[in-house]
Number of protein chains: 2
Amino acid sequence: MLRKVDKHSGIPAYLQIMNQIKSEILLGNLRAESQLPTVRELETIFDVNVNTILKALDKLKSEGILSSEQGIGYFVVRDASIDPEITDEVKSLVRSLKSKGVDLYTSLLLIEEVWKNEKL
Amino acid sequence: MLRKVDKHSGIPAYLQIMNQIKSEILLGNLRAESQLPTVRELETIFDVNVNTILKALDKLKSEGILSSEQGIGYFVVRDASIDPEITDEVKSLVRSLKSKGVDLYTSLLLIEEVWKNEKL
DNA sequence: TATAGTGTTCTATTTATATATAACACTATT
DNA sequence: AATAGTGTTATATATAAATAGAACACTATA
């Protein structure tokens with residue numbers, strides 16, 4: 001599921017990489033103890049330099065999401081997959097947004113804005 | 001509704017500014033012909049340099065979202081507020097996510113991921 | 001003990017982002 | 001004509017992000 005980084009989005013590559021890995025964990029595609037691809041494979045997958053990979057992985061380590069062992073690899077620290085019930089609700093909204101012709105980018109903006117304005 | 005830019009998010013300031021302005025248009029707070037605050041006011045509002053403001057506004061002009069007249073100001077080209085029905089659906093999901101303790105950042109990742117994986 | 005496969009560090013260079021500061025140009029009003 | 005309020009352009013500087021390329025360090029295994 002890991003995709004090449006979008007070099008024209010304006011979003012720093014290392015952030016895109018962090019986000020993709022976090023997403024895989026959220027979706028349960030990467031669980032506790034899972035070993036990530038090697039840094040050199042990640043270089044190819046994301047199509048960026050090793051140093052950029054390392055920057056992303058280092059930050060995920062700082063956040064306690066990944067661990068690493070020299071000579072061995074990078075690992076997911078803990079399972080953090082999201083409740084499928086929640087995913088279902090999201091799927092339903094996404095279908096609705098798509099059917100109304102709203103694009104992803106607009107949807108994300110809208111959700112962020114509603115989130116920040118909703119006084120709950 | 002325009003907020004100070006978050007200088008520690010990693011997201012370039014000019015992008016945050018573009019997004020905030022787009023959001024105001026989406027929410028209908030800025031409609032066709034609306035004049036934006038002056039660039040020097042925007043400098044204060046977003047707490048960045050004029051050049052950063054100009055970069056954001058220039059890009060929004062390129063996207064056809066804003067127009068400008070020298071000596072006068074910046075204007076919203078066309079109304080693009082989102083259907084309130086859609087906003088309501090989003091509100092409902094946001095409430096649900098919040099009640100389940102999911103944070104904004106995780107929600108956005110999840111939505112983006114579901115969006116890209118949903119084969120409709 | 002040698003080697004292949006890992007992660008890690010370092011230096012140099014380039015490009016993008018952001019700031020500070022100043023001056024210039026156009027518009028409307030006095 | 002002058003002025004105040006707009007947008008605009010320019011130069012210099014600083015910091016962050018990304019690349020390239022090489023070397024180093026640890027682990028497991030042949």
Side-chain angles (χ1 to χ4, degrees), chain A residues 2-22 24-25 30 32-77, chain B residues 2-22 24-25 30 32-77:
Chain A
L2 297 175
R3 296 174 278 274
K4 227 186 342 180
V5 148
D6 178 356
K7 295 186 173 171
H8 304 292
S9 68
I11 309 292
Y14 77 94
L15 274 183
Q16 294 183 49
I17 293 167
M18 292 175 67
N19 285 341
Q20 285 200 43
I21 292 172
K22 283 180 176 176
E24 289 304 298
I25 295 173
L30 288 173
E33 315 288 316
S34 298
Q35 180 165 8
L36 296 192
T38 72
V39 292
R40 285 168 184 95
E41 283 172 341
L42 291 174
E43 219 180 328
T44 305
I45 293 173
F46 291 121
D47 192 28
V48 298
N49 187 269
V50 204
N51 301 303
T52 304
I53 299 290
L54 287 182
K55 182 168 183 178
L57 297 181
D58 276 356
K59 289 197 172 251
L60 290 172
K61 274 173 66 176
S62 308
E63 293 183 11
I65 292 173
L66 297 181
S67 64
S68 68
E69 294 178 61
Q70 176 151 344
I72 304 190
Y74 277 87
F75 299 88
V76 175
V77 169
Chain B
L2 298 175
R3 296 174 277 276
K4 226 184 347 177
V5 149
D6 177 356
K7 295 187 174 171
H8 304 292
S9 67
I11 308 292
Y14 77 93
L15 273 184
Q16 295 184 47
I17 293 168
M18 291 174 68
N19 285 342
Q20 285 200 42
I21 293 173
K22 283 180 176 177
E24 289 304 299
I25 295 174
L30 287 173
E33 316 288 317
S34 299
Q35 179 163 11
L36 296 191
T38 71
V39 292
R40 285 168 184 97
E41 283 171 340
L42 291 173
E43 220 180 329
T44 305
I45 293 173
F46 291 119
D47 193 27
V48 298
N49 186 270
V50 205
N51 301 303
T52 304
I53 298 291
L54 288 183
K55 183 168 183 178
L57 297 182
D58 276 357
K59 289 197 172 252
L60 290 172
K61 273 173 66 176
S62 308
E63 293 184 11
I65 292 174
L66 297 182
S67 64
S68 69
E69 293 179 61
Q70 176 151 344
I72 305 191
Y74 278 86
F75 299 88
V76 175
V77 169

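Convention: sequence-line order gives letters A, B, ...; per-chain numbering from 1. Every value quoted in this text rests on a predicted model; they were computed, and no experiment measured them.
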Exercise for the section: Report yes if a donor N or O on one partner sits less than 3.5 Å from an acceptor N or O on the other, where the partners are the side chain of A:R40 and the base of C:dG7; otherwise report no. Expected result: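 Indeed, a donor on one side and an acceptor on the other fall under 3.5 Å apart.
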
Exercise for the section: Would you state whether a donor and an acceptor, one from the side chain of B:N49 and one from the base of C:dA20, lie under 3.5 Å apart? Expected result: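 Such a pair is found, so the answer is yes.
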
Check whether any side-chain N or O of [X] sits under 4.0 Å from OP1 or OP2 of [N], and answer yes or no.
X     : N      : value
B:K55 : D:dT9  : no
B:Y14 : C:dT17 : yes
B:T52 : C:dT17 : no
B:K7  : D:dA16 : no

Taking [atom1] from [X] and [atom2] from [N], how many angstroms apart are they, rounded to a whole number?
X     : N      : atom1 : atom2 : value
A:E43 : D:dT19 : CD    : C1'   : 10 Å
A:N51 : D:dA17 : CG    : C1'   : 11 Å
B:H8  : D:dT15 : NE2   : P     : 15 Å
A:I53 : D:dA18 : CD1   : C1'   : 12 Å
B:D6  : C:dA18 : CG    : C1'   : 15 Å
A:F46 : D:dA18 : CZ    : P     : 13 Å
A:Y74 : D:dT27 : OH    : C1'   : 15 Å
A:K59 : D:dA17 : NZ    : C1'   : 11 Å

If you check every side-chain atom of [X], which of [options] has the closest atom?
X     : options               : answer
B:I72 : C:dA18, C:dT8, C:dA28 : C:dA28
A:T38 : C:dT6, C:dT21, C:dA18 : C:dT6
B:Q70 : C:dT27, C:dG7, D:dT8  : D:dT8

Exercise for the section: Remember a base hit wins even if backbone is also touched, and classify B:L57 as base, sugar-phosphate or nothing at under 4.0 Å, heavy atoms. Expected result: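 Result for B:L57 = nothing.
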
Exercise for the section: Would you check, one step at a time, whether the test side chain to side chain contact (heavy atoms under 4.5 Å, CB included) holds for A:K22 with A:L60? Expected result: CA-CA 9 Å; A:K22 283 180 176 176; A:L60 290 172; 3.8 Å; yes

Handout entry: Closest-nucleotide ordering on DNA chain D, the 5'-leading residue of A:E69 and B:E41
Key =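 Closer to the 5' end of DNA chain D: B:E41.
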
Handout entry: Matching residue for A:S34 among A:L66, A:I25, A:V76, A:V77 - test: side-chain contact (heavy atoms from CB on, under 4.5 Å)
Key =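 When side-chain contact (heavy atoms from CB on, under 4.5 Å) is applied between A:S34 and each of A:L66, A:I25, A:V76, A:V77, only A:V76 qualifies.
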
Exercise for the section: With the side chain counted from C-beta on, respond yes when A:L57 and A:I21 share a heavy-atom pair under 4.5 Å apart, and no when they do not. Expected result: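 When only atoms from C-beta onward are counted, A:I21 and A:L57 do touch, with a gap below 4.5 Å.
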
Exercise for the section: For residues 43-56 of chain A, pull every pair meeting side chain to side chain donor-acceptor pair (under 3.5 Å), keeping only residues two or more places apart or in separate chains. Expected result: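 For residues 43-56 of chain A: A:N49-A:N51.
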
Practice task
Give a yes or no on this: more than 12 heavy atoms of other residues, nucleotides or ligands lie within 6.0 Å of atom CD of A:E63.
Solution key: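 Counting other residues, nucleotides and ligands, CD of A:E63 exceeds 12 neighbours.
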
